[in-house]
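Here's the structure, in structure tokens; my notes come after.
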Protein chains: 2
Amino acid sequence: MTHMRPSATPPDDVDRGIPEATIARLPIYLRALTGLAERGMRTASSEQLAAATGVNSAKLRKDLSYLGSYGTRGVGYDVEYLRYQIAREIGVTEDWPVLIVGIGNLGQALSNYGGFSSRGFRIVALLDGDPARVGEQLGDLVISSMDDLDSIVAREAVSIAVIATPGSAAQGVVDRLVAAGVTSILNFAPSVLTVPPGVDVRKVDLSIELQILAYHEQRKAHGGTQLAVSDEVVTL
Amino acid sequence: MTHMRPSATPPDDVDRGIPEATIARLPIYLRALTGLAERGMRTASSEQLAAATGVNSAKLRKDLSYLGSYGTRGVGYDVEYLRYQIAREIGVTEDWPVLIVGIGNLGQALSNYGGFSSRGFRIVALLDGDPARVGEQLGDLVISSMDDLDSIVAREAVSIAVIATPGSAAQGVVDRLVAAGVTSILNFAPSVLTVPPGVDVRKVDLSIELQILAYHEQRKAHGGTQLAVSDEVVTL
DNA sequence: AGGAGTTTGTGAACGCGAGAACAAAATCCA
DNA sequence: TGGATTTTGTTCTCGCGTTCACAAACTCCT
Ligand SMILES: NC(=O)c1ccc[n+]([C@@H]2O[C@H](COP(=O)([O-])OP(=O)(O)OC[C@H]3O[C@@H](n4cnc5c(N)ncnc54)[C@H](O)[C@@H]3O)[C@@H](O)[C@H]2O)c1
Ligand SMILES: NC(=O)c1ccc[n+]([C@@H]2O[C@H](COP(=O)([O-])OP(=O)(O)OC[C@H]3O[C@@H](n4cnc5c(N)ncnc54)[C@H](O)[C@@H]3O)[C@@H](O)[C@H]2O)c1
């Protein structure tokens with residue numbers, strides 16, 4: 001998908017390229033604004049938003065400036081207006097249909113979770129490879145067979161799917177999802193997925209998160225650099 | 001915790017500061033090495049590891065070089081030896097005791113998950129604020145009351161905890177965890193947590209992940225920059 | 001109307017991480 | 001033994017993201 005404009009050199013134009021790091025923070029701002037709106041706040045300064053989100057206020061202002069000049073100097077941002085603008089930028093003014101594959105421990109927890117609907121997503125189907133599970137009722141939905149994948153994706157216009165199968169099954173499932181037309185995937189299985197260009201994969205790996213915590217925890221225990229300058233190993 | 005060595009200026013010494021980005025990848029290498037070892041592979045080159053992890057081989061070599069010179073030029077890395085060295089660096093040669101607070105949909109899925117034990121963690125307690133849930137058996141464990149938090153943390157020497165309560169309860173739970181002596185927290189609740197210095201918090205937010213996917217998905221649908229140079233809106 | 005106070009939007013400096021490229025070190029083979 | 005081959009460890013460069021700092025823009029009060 002290397003689409004490049006004819007005259008390449010000049011970085012003219014309304015460069016619509018919002019930095020990836022900013023995009024990852026927009027949902028945080030969105031959530032904070034929703035919270036502020038619920039508490040009746042009409043406007044909010046970048047400092048207030050910074051306090052509510054834990055993001056540095058200058059960084060927050062720069063992030064918002066990528067969307068346009070939606071603030072008023074001396075006043076701040078209109079909470080409701082900014083909330084809508086961010087939702088529009090992210091693309092969650094309407095709900096996205098989402099499909100979950102692998103209805104085990106985790107898949108079940110996800111399908112029971114009510115928080116997605118208020119954040120721009122609607123779970124439209126649950127799929128599992130185990131024939132014994134197919135037909136089982138779970139909330140409003142019934143678990144479907146993998147055989148129905150293509151028809152479901154087509155009927156519901158699904159472009160986002162969640163994988164909660166064991167790691168060994170994940171690549172096979174991805175391939176089928178991609179073949180069915182899914183182009184965005186959230187992967188909970190601990191495996192490296194290969195997808196064709198144009199398909200996005202994000203992964204959530206709880207073991208990795210814990211291991212990162214463990215690393216820092218270990219450092220805390222061992223107190224600084226042991227083999228450093230003579231400074232008794234204190235081991236607090 | 002602003003501990004700084006007397007003579008500040010020269011960056012001499014065995015600078016034990018491994019970049020955060022590297023630390024986040026070590027668990028990926030660890031998992032890949034475990035997989036390769038299971039398939040009987042004795043040595044692996046950086047290219048092979050790169051293929052198995054989806055990480056650029058140069059980046060991978062640089063990451064590993066922070067741990068020491070564990071490779072052999074012309075040969076590669078000894079799989080078992082490197083696996084152990086990484087596990088040691090992360091701090092998962094022994095299991096860390098972990099405690100989960102909030103045994104709802106998600107907390108239950110986590111406590112049923114078998115994958116943690118093989119990756120350096122052992123769930124030692126489940127806590128819930130709902131008195132009706134206390135005493136309920138769940139696998140090997142029984143749900144404890146929040147009143148037992150301090151004694152459990154002390155008895156099991158817990159330093160890592162997982163929060164899976166509703167967002168509204170999260171800050172209160174964190175405060176209690178910190179007071180009990182927990183210094184690393186993995187948070188699933190969609191709220192910004194405030195903790196004293198010395199305490200690490202990592203968050204996992206599924207809605208945010210989905211929203212990031214939605215953003216890119218929206219871009220795919222609208223085909224490039226619409227208001228750009230005259231170049232018919234193609235909308236593939 | 002005008003000055004004091006507030007807050008945004010952004011230019012500029014800086015630091016970190018990614019990746020290319022290559023010299024050094026080890027193996028293999030004749 | 002020595003040259004070809006493989007692969008690591010590291011240097012160098014570049015781009016992105018963070019942060020500071022401040023002028024511009026707006027409100028409020030007198
Ligand atoms: N449960 C957790 O808390 C947790 C934590 C971290 C990571 N994970 C990861 O999430 C994934 C799911 O975990 P889980 O505990 O829910 O596992 P699980 O075994 O409870 O559920 C897996 C489900 O996937 C289905 N499945 C298997 N192969 C399939 C296929 N080819 N096509 C469609 N469906 C298939 C199974 O029938 C089962 O229902 C795993 O990869 C696990 O490593 C889970
Ligand atoms: N379930 C999911 O798939 C999912 C997905 C994304 C995010 N989350 C988030 O994870 C968290 C848990 O989700 P869930 O679906 O398991 O919720 P849940 O309502 O099913 O479970 C929450 C549990 O926390 C307990 N609890 C409430 N207040 C408490 C307190 N003060 N102290 C101790 N325990 C307390 C409740 O008794 C309950 O058992 C929520 O913050 C949710 O937003 C969940």
Side-chain angles (χ1 to χ4, degrees), chain A residues 8-11 14-29 32-33 36 41-79 81-83 85-86 89 212 215, chain B residues 4 8-9 11-12 14-26 28-29 32-33 36 41-79 81-83 85-86 89 212 215:
Chain A
T9 356
V14 186
D15 198 349
R16 222 60 167 87
I18 299 181
E20 195 61 30
T22 295
I23 292 162
R25 283 187 295 268
L26 291 181
I28 303 175
Y29 305 150
L33 287 164
L36 293 178
M41 204 163 288
R42 312 295 288 229
T43 67
S45 70
S46 63
E47 290 292 347
Q48 291 175 308
L49 279 171
T53 56
V55 173
N56 174 296
S57 69
K59 180 157 60 175
L60 191 147
R61 284 200 299 279
K62 184 165 278 189
D63 283 343
L64 296 182
S65 76
Y66 289 115
L67 312 189
S69 273
Y70 294 146
T72 308
R73 295 171 193 228
V75 178
Y77 300 89
D78 181 289
V79 170
Y81 182 63
L82 182 59
R83 198 199 61 76
Q85 292 301 332
I86 293 179
E89 190 68 40
I212 294 171
Y215 171 84
Chain B
M4 191 174 279
T9 356
D12 54 356
V14 186
D15 197 350
R16 221 59 167 84
I18 299 182
E20 195 59 32
T22 295
I23 292 162
R25 282 188 295 268
L26 291 181
I28 303 176
Y29 305 149
L33 287 164
L36 292 178
M41 202 164 291
R42 312 295 287 229
T43 67
S45 69
S46 62
E47 290 291 348
Q48 291 174 308
L49 278 172
T53 55
V55 174
N56 175 293
S57 69
K59 181 158 57 175
L60 191 146
R61 285 199 299 279
K62 188 180 282 189
D63 282 344
L64 295 183
S65 76
Y66 289 116
L67 313 190
S69 274
Y70 294 146
T72 308
R73 297 170 192 232
V75 179
Y77 301 89
D78 181 290
V79 170
Y81 182 64
L82 182 59
R83 197 198 62 74
Q85 291 302 332
I86 293 179
E89 190 67 40
I212 294 171
Y215 171 85

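Worth knowing before you read on, the calculation uses all heavy atoms, side chains too, and leaves out hydrogens, waters and symmetry mates. Chain identifiers are assigned alphabetically (A, B, ...) following the order of the sequence lines, protein sequences preceding nucleic acid strands; residue numbering begins at 1 within each chain.
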Please work out if B:E20 contacts a base, only the sugar-phosphate, or nothing of the nucleic acid, heavy-atom cut-off 4.0 Å. sugar-phosphate
Are any non-hydrogen side-chain atoms of A:Y215 and B:I18 less than 4.5 angstrom apart? yes
Quick one: [X] [atom1] to [N] [atom2], roughly how many Å, whole number?
X: A:I23; N: D:dT18; atom1: CD1; atom2: C1'; answer: 17 Å
X: B:Q85; N: D:dT8; atom1: CD; atom2: C1'; answer: 17 Å
X: A:R25; N: D:dG17; atom1: CZ; atom2: C1'; answer: 8 Å
X: A:L64; N: C:dG9; atom1: CG; atom2: P; answer: 8 Å
X: A:E47; N: C:dG5; atom1: CD; atom2: C1'; answer: 15 Å
X: B:L60; N: C:dA20; atom1: CG; atom2: P; answer: 14 Å
X: A:L82; N: C:dT8; atom1: CG; atom2: C1'; answer: 13 Å
X: B:L67; N: D:dG9; atom1: CG; atom2: P; answer: 10 Å

Contacts of type side-chain hydrogen bond (donor to acceptor under 3.5 Å, both in side chains), residue A:T43, not counting sequence neighbours: none
I'd like to check the side-chain hydrogen bond (donor to acceptor under 3.5 Å, both in side chains) partners of B:S57; sequence neighbours left out, ordered by chain and number. B:E47
Ranking B:G68 and A:T22 by the position along DNA chain D of their nearest nucleotide, the one closer to 5' is B:G68
Suppose we screen for side-chain contact (heavy atoms from CB on, under 4.5 Å). Which residues come up paired with [X], at least two apart in sequence or across chains?
X: A:K59; value: A:R25, A:V55, A:N56, A:D63
X: B:E20; value: A:I212, A:H216, B:I23, B:R202
X: B:Y70; value: B:L67, B:Y81, B:L82, B:Q85, B:R88
X: B:A44; value: B:L36, B:Q48, B:L49, B:V79

With side chain to side chain contact (heavy atoms under 4.5 Å, CB included) as the criterion, how do B:L64 and B:I86 come out once you've worked through the C-alpha distance, each side chain's angles and the decisive distance to 0.1 Å? CA-CA 9 Å; B:L64 295 183; B:I86 293 179; 4.0 Å; yes
To the nearest 0.5 Å, tell me how far B:L60 CG sits from B:T22 OG1. 10.0 Å
Nucleotide N/O to protein N/O under 3.5 Å, stretch nucleotides 3-7 of chain D:
{"from": "D:dT7", "atom 1": "O4'", "to": "B:G74", "atom 2": "N", "distance (Å)": "3.1"}

List every contact pair, protein side and nucleotides 12-16 of chain C side both N or O, where the distance is under 3.5 Å.
{"from": "C:dA12", "atom 1": "N6", "to": "A:K62", "atom 2": "NZ", "distance (Å)": "2.9"}

Stretch residues 49-57 of chain A: residues that reach within less than 4.0 Å of DNA chain D through a heavy atom: A:N56
Terminal helix-axis angle for the helix from C:dA1-D:dT30 to C:dA30-D:dT1, with five pairs defining each axis and rounding to 10 degrees: 0°
What residues, two or more places apart in sequence or in another chain, satisfy salt bridge (charged side-chain N to carboxylate O under 4.0 Å, His left out) together with B:R61? none
